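Keep in mind that this is a model prediction, so the values were computed, not measured. Order of appearance sets the numbers: ligands from 1, and atoms from 1 within every ligand.
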Amino acid sequence: MKKIIGVLIFAILSISSFAENGHNLWLRNTGNKSVNVVCVKSSPTLNIAKQELKQGWQGVDDASVEFRVMADKAIKGDGFKLSQNAIQANTESGILYGVYELLRRQQTGEAVSDAVINPSYELRLLNHWDNLDGTIERGYAGLSIFWRKGEDALVVSNNDKVLWQEYARANASIGINGSVLNNVNASPDMLTIDILNRTKAIAEVLRPYGIKAYLSIKFSSPSMIGGLKTSDPLDPEVIKWWNAKAKEIYSMIPDFGGFLVKANSEGQPGPQDFGRTHADGANMLADALRPYGGIVMWRAFVYTPSSEDRAKQAYNEFTPLDGQFRDNVIIQVKNGPVDFQPREPFSPLFGAMKKTTVMPELQITQEYLGQSVHLVFLSTMWEEFLKSDTYQEGVGSTVARCTDGSIFPQKHSAIAGVSNIGLDANWCGHHFAQANWYAFGRLAWNNQLTSGQIADEWIKLTFQQSLKEANTKDWTENFLNPVIQMMMESWDATISYMMPLGLHHIFAGDHHYGPGPWYAPKGLRSDWTPPYYHKADSIGLGFDRTPTGSNATGQYHEPLQSQFDDVKTCPEKYLLWFHHLPWDYKMQNGKTLWNELCYRYDTGLQQVRQFQKVWDKVQPDVDQERFVQVQNKLREQCRNAQIWKDACLLYFQQFSQRPIPYDIERPVTDLGALIKNDMGRP
Ligand code: GCW
C-alpha cells in the first residue's frame, strides 16, 4: 500500500512539477515548427543565427526567412530591418539580433511587423567585478565564471567553454555586445601573458556572438609588472610601455574592446599620484589603443574624505576637464552622485559634460538592494533614471538623450551594467535577479522601453510552459498580471522599507546588506558612516544640500536647481536627500515627517507580505523547484524588511522622541539587540 501511495505521489509530482533550475534563463523555449533559412554566406555568427532560428521557430510551418547582410542607410550600427520573411542588417551581428528579436516576438505573442530596429547605444556592456582568484566583489551568485584559483586556474576546460558560450548566447539574445572581464579594482596581473592567454580564450568564445572582451586595468601596471620606476602618464617610458602592451594584446585579440579604469578612487592609483589630471591619464591610454580601434572607459566615481559633500565631488573634478578628452575616451558615470543607492537623483554630470562622451554605469548586482535575497526589479529604477530630464539643452534633455548621441555630437555612445552573474546554477542567485540582467540588456538596446513591457516579455520567456498557455486568459490573469504587478512594485517596496523619502547610505558595516543607521566606528572616515548621510538630530532628519547646506543643488540645471532647493517643490522622493527637515514638518498629505516615515517603513514591509501571497497563489503555474526557491527567498526578505523597519524606526525615534503611530504594527525587535547583532550578510 505504502509503495502504491509513494508511486502515486511521485506520479502527481512529476506531472505538476517540471523541474527547472533556471539555468536556461529566458531561453528555455524551443520551437516546434520548421523554417527554411536562405543565406548565401556562411560564417560563425551567421551559422549561429541560422541554428537559433531553426531551433526556436514558432511561426508558420515551413516558412522561409532570408538573411541579407547588406548596407542600408536606415539601419544603424548593429540594427536590423525585420519583416516576416527577411532580416537585413549592416553587420552579421545585426542578423543575429534580428533572429533573437523575431523569436522573442513569436514566443511572447508580439506581432512581427516590418520595422527598422536600431540600438540606442553603440556599446552595451557588462562590467564584471570578478577577481583573478575567482571571488566577485559585490557578487552574490557564486564564484566567477571566468577566473578561479588553484592548479587549474589557467586551464581552459571544456566546461569553461560551454559556460562561456551559454553566457555569450544569453547576452547576444538581449543585445549586449561587450564584457569587461574583471574587477575595476584591478589586479596588475591582468596584463601578464598567462592571463592574457586566458582572456584570448574567452574572447574567442564570445566573438561569434558579437561580444568583445575588455579588461579593467590598474593604472600603476608599468611600475608594478613592467619594472618601470614610475607610472606617470607623461613619462616617455610609461607611454612606450602602454603602447607595447596594446600591441601585444591586439596581436592576440584583434577585436579587443579596450580598457576600463578606476583611477584615484577609493585608494586605486591614478594620474593624480604624479600631479597629472584624469585627462592626462585617460588620453595616454586612449592613444595607445587608438591604432587598433580600442576605447578607454574612465570612471568618474571619485571622492575623498574632504569637507566637501561627497555627492558633489565627481562633478567638481570632472566638469573642468570637459573638452580635454580624446574622442575614444568615454567617462563612465554611476547613475547617482553617491553610489548605487536604493534611490538617488541622477548624477549632475549627465548633460553637463557637453564636449565629452559620457556613459551611464548601472549596477545590476544588488549590492545595496538586498543582494540575492530580495526580489527587486531594477528596470523601474533605470527607467526613472534614463527618463530624468537634465534640462541641460532645454526641456526633454533626458539622461537617455544626453548619453545616446541624440543631443551631443559624439563618436561613441555606451552604457554599462555591473553584472550579477556567477557560477550559481541559475546564474544570478535569485531567479528574479535574472530579470535585471535581461532588463539591462533590453534598455541598453532601447532606452525608451517601459519596465512593464520588459517584465511582460521576461515573465513569458522565463515561466510560460508553452505558446498556447501564453494565450490563455487563465494564465494571463492568474500568473502574468499578478507577477508583473509584483515586479513593478518591488523597487518601490524596497525603498520604503530601507530608505524612504530620499534617505541614503544607512547600511551596516561594509557588507551593505542590513540596516546600520548607527554605524560609526571610531576612526572610520565619516563619509563611510551612515550618520554623515542621514544627519538625524533632535530637530530633524536629512542632508541639507541647498545653499544653506552643501549647495549640491547648484550642480543641477534650472529649473531643477530651484525645484530641489524649495522644500515645497522638491519631489518627496528626494526630500531628505536635499533637505534637513524638522520631525514635525508637514508633508503634502498633511502627516508629519516623523509619522510619514513610520508609515513608509511599514508600507514597504506590508508590500513584501503581499508579494508572498501573490507568489504562493501562483504556485500551480510554476515548477516546484523555482517556486520553492523564490518562496524561501521571499520569506527571508520579509524577515529582513521587518528588521529594516524596526532598526530604522527605533533608531530615529531616539532623536524624534515621538510615538510610532498606533495603527502601525509595533516593532518586534529591540534596538539594542539589532545593534549588537549588526545584521550581516546572509
Ligand atoms: O559601491 C562601491 C562598492 C565597491 C566598488 C565601488 C566602485 C568595485 O562598495 O565595492 O568597488 O563602489 O564602484 O568602484
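- In terms of polar-atom proximity, W129 is not counted as a contact of ligand 1, lacking any N or O under 3.5 Å from an N or O of the ligand.
- Salt bridge absent: R600 and D492 never bring a charged side-chain N and a carboxylate O closer than 4.0 Å.
- Annotation: atom 2 (C) of ligand 1 to nearest protein heavy atom, D339 OD2, 3.1 Å.
- Polar contact check, R299 against ligand 1: a nitrogen or oxygen pair lies under 3.5 Å apart.
- Side-chain N/O atoms of N182 and D130 include no donor and acceptor closer than 3.5 Å.
- Using a 3.5 Å distance cut-off with no hydrogens or angles, the side chains of Q555 and N316 do pair a donor with an acceptor.
- The nearest non-hydrogen atom to atom 6 (C) of ligand 1, considering only H505, E266, Q268, comes from E266.
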- prompt: So F350 and F385, ring-ring contact (aromatic ring centres under 6.0 Å, His included) or not? Walk me through it.
  reply: CA-CA 11 Å; F350 291 106; F385 159 70; 5.3 Å; yes
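- Under the side chain to side chain contact (heavy atoms under 4.5 Å, CB included) criterion, L671 pairs with W518, L650, Y651, Q654, I675, not counting sequence neighbours.
- Residue Y368 approaches ligand 1 through these ligand atoms, each under 4.0 Å from one of its heavy atoms: 1 (O), 9 (O).
- For R310 and Y533, the side-chain atoms include at least one donor-acceptor pair closer than 3.5 Å.
- If you check which protein heavy atom lies closest to atom 14 (O) of ligand 1, you get K262 NZ, 2.6 Å.
- For the residues E367, K334, R138, the heavy atom positioned nearest atom 12 (O) of ligand 1 is part of K334.
- Closest protein heavy atom to atom 4 (C) of ligand 1: E137 OE2, 3.3 Å.
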